[in-house]
Number of protein chains: 2
Amino acid sequence: MRDDNLVERLLGGDRRALARTISKIEGEDPAVPEMIREIYPRTGRAITIGFTGPPGVGKSSIIAKLIRLYREEGKKVGVVSVDPSSPFTRGAILGDRIRLADHFLDKDVFIRSMGSRGHLGGLAGASRLAAMAMEAYGIDVILYETVGVGQGEVEVASAADTVVLCLQPGAGDAVQALKAGVMEVADVFCINKADHPQARGAAAEVRSILEIGHELDPDAPVPPIVLTRGDNGEGVEELKGEIEGHREFLRESGRMEGRRLAAMREFVLAWATNKLEKEIRERLSREDAGLMEKVREREVDPITAAETLYKEV
Amino acid sequence: MRDDNLVERLLGGDRRALARTISKIEGEDPAVPEMIREIYPRTGRAITIGFTGPPGVGKSSIIAKLIRLYREEGKKVGVVSVDPSSPFTRGAILGDRIRLADHFLDKDVFIRSMGSRGHLGGLAGASRLAAMAMEAYGIDVILYETVGVGQGEVEVASAADTVVLCLQPGAGDAVQALKAGVMEVADVFCINKADHPQARGAAAEVRSILEIGHELDPDAPVPPIVLTRGDNGEGVEELKGEIEGHREFLRESGRMEGRRLAAMREFVLAWATNKLEKEIRERLSREDAGLMEKVREREVDPITAAETLYKEV
């Protein structure tokens, strides 16, 4: 496949052009900045939802059901799945993908995993660009799906207008999420496996944590908590309603613009910073023999070494 | 307390001077680089051990027992505890601290928590500098204790010569740690709550994961797995033996130097990068009205905005 007019074909709704564009984003093709220049003005209308939460809570099952609901409305759906970089995890990811398999044959559902962390702007940046490409292609609803509850996952999910945190009962997930700083960014909570005997207890636990948060910041709305069942789809319609409710709140309160701008600002900062970091790494590699040797011999301390690199950039 | 000759007093074994120095590191006092210049040549002899693992596995209890063993040998011990930045977590941290309370009155045990993430060089950088100050003061064994299994925690723990990953039975911790990329950096595994009916099962699970890792990289030694009980100290002596065994391996195989140099290299890179990131943030704040407004209006795409910032630094 030739890459002439790739963006043009993407904008014309060519599915293979979309796949190819995202591959270029993932591969950090030098053409990407120019492509984004053309793509970016066509973005900003899609509904974007971040899904985060620990592995095994059933995010993929819920997403599969949610996709079905959006498809019934005739909306085109895109999923950007973000996988941790560890080479060990491939198997687990594959398992998750299988749960989305219902939608593999649907031309109006586009699912894409993003893997490595080496990207300019980080994995959050790359998934962000992939979502832009999807939107320019004509996708109406974009789901950012992340595996895990680390800081990286939070960054990915935070690119979305609405962040859903999925937890399961009885696994201490809420406490884990709390510690990872995920609770603070979630707009809607989803307790999956609602048939679990501890499901209501888990919801109560989350609610009490949220109330403490609410006391600390009384202006922020208290996020709703929805009980779902990924296996039979129970509660997923309600979840969709709460996501739309949050969207409505953002629009009516005038917070949508500010939220999007803040997210875009993080993208810009991450991209510029990563580019500089790359340059610093390259510089250190060139100077390594000398500079790090001196640090090793304790002739130069590490801060002085860092300041040297900083000044030379 | 005057700060004249602070480093001199630190080097002379003045405990208050050590506390004050670490406060300056935490507060990013402009005097820190100069202080590190004096401190750094006095470092490199201490035993450093990183302790990481999810909250609630009993790391603090094990560390308390391990401190006792080192104290029996007459060694001075320092603990650098790294807390996640979320303001919600204070209570949990307090609980952990209480477990180390036995040692609060011991003049030869120095325990210090590091909190915020805003430091130059990151939290990993700040804890690293705190450890240098401890060593220059005369500490023989430094424990980096982290809460959680995220990338940040991995970075903190990786500053140590030996990394211990603590897990508990029956919580799916191994899988979680695997996904966070922590398994790859651990030199010794500790399954706490050895009296739990699933303890041996958890050890077997970790072992089978490690064997897969070993097949991928046959030159790396397979890390030992120790079953411990934080409550009564069972297995902690064995854990200490395995930590010493790993140290011996590093020394005999000649890998110690390389490992330390790589860790120091990361410090230098992080420091230089964070300093540049700060400069970029400041620049964006100054230009914000103009540049981000254009991004919002879709006149400028975010990559172009980032490249603008990058070039101006």
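Lettering of chains follows the sequences in order, A, B, ..., and the numbering in each one begins at 1. In what follows, every heavy atom counts, from backbone to side chain, and hydrogens, waters and symmetry copies are set aside.
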Show your reasoning for whether side-chain contact (heavy atoms from CB on, under 4.5 Å) applies to R37(A) and I303(B). CA-CA 8 Å; R37(A) 212 164 298 153; I303(B) 294 183; 5.8 Å; no
E277(A) vs L269(B), test: side-chain contact (heavy atoms from CB on, under 4.5 Å). Steps then yes/no. CA-CA 8 Å; E277(A) 186 179 347; L269(B) 285 169; 5.8 Å; no
Starting from the C-alpha separation in whole Å, work towards a yes-or-no answer on side-chain contact (heavy atoms from CB on, under 4.5 Å) for Y40(A) and V295(B). CA-CA 9 Å; Y40(A) 181 64; V295(B) 173; 3.2 Å; yes
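For E257(A), the part lying under 4.5 angstrom from a heavy atom of chain B is the side chain only. Residue E34(B) does not touch chain A at all, counting heavy-atom pairs closer than 4.5 Å.
Annotation: R260(B), atom CZ; neighbour count of heavy atoms from other residues, nucleotides and ligands within 6.0 Å is above 12. Within 6.0 Å of atom CZ in R296(B), more than 12 heavy atoms from other residues, nucleotides or ligands are found, so the atom counts as buried in its surroundings.
In terms of heavy-atom pairs under 4.5 Å with chain A, the best-connected choice from E38(B), R281(B), R128(B), E297(B) is R281(B).
A heavy-atom distance below 4.5 Å is found between the side chains of P302(A) and M132(B). For the pair M292(B)/M264(A), a side-chain contact is recorded, criterion being any heavy-atom separation below 4.5 Å from C-beta on.
T273(B) pairs with exactly one of L309(A), I280(A), L276(A) by the side chain to side chain contact (heavy atoms under 4.5 Å, CB included) rule, that one being I280(A).
Nearest heavy atom pair, residue V268(A) against residue A306(B), reads O-CB, 3.5 Å.
Scored by the side-chain hydrogen bond (donor to acceptor under 3.5 Å, both in side chains) test, T43(B) finds R298(A) as partners (sequence neighbours excluded).
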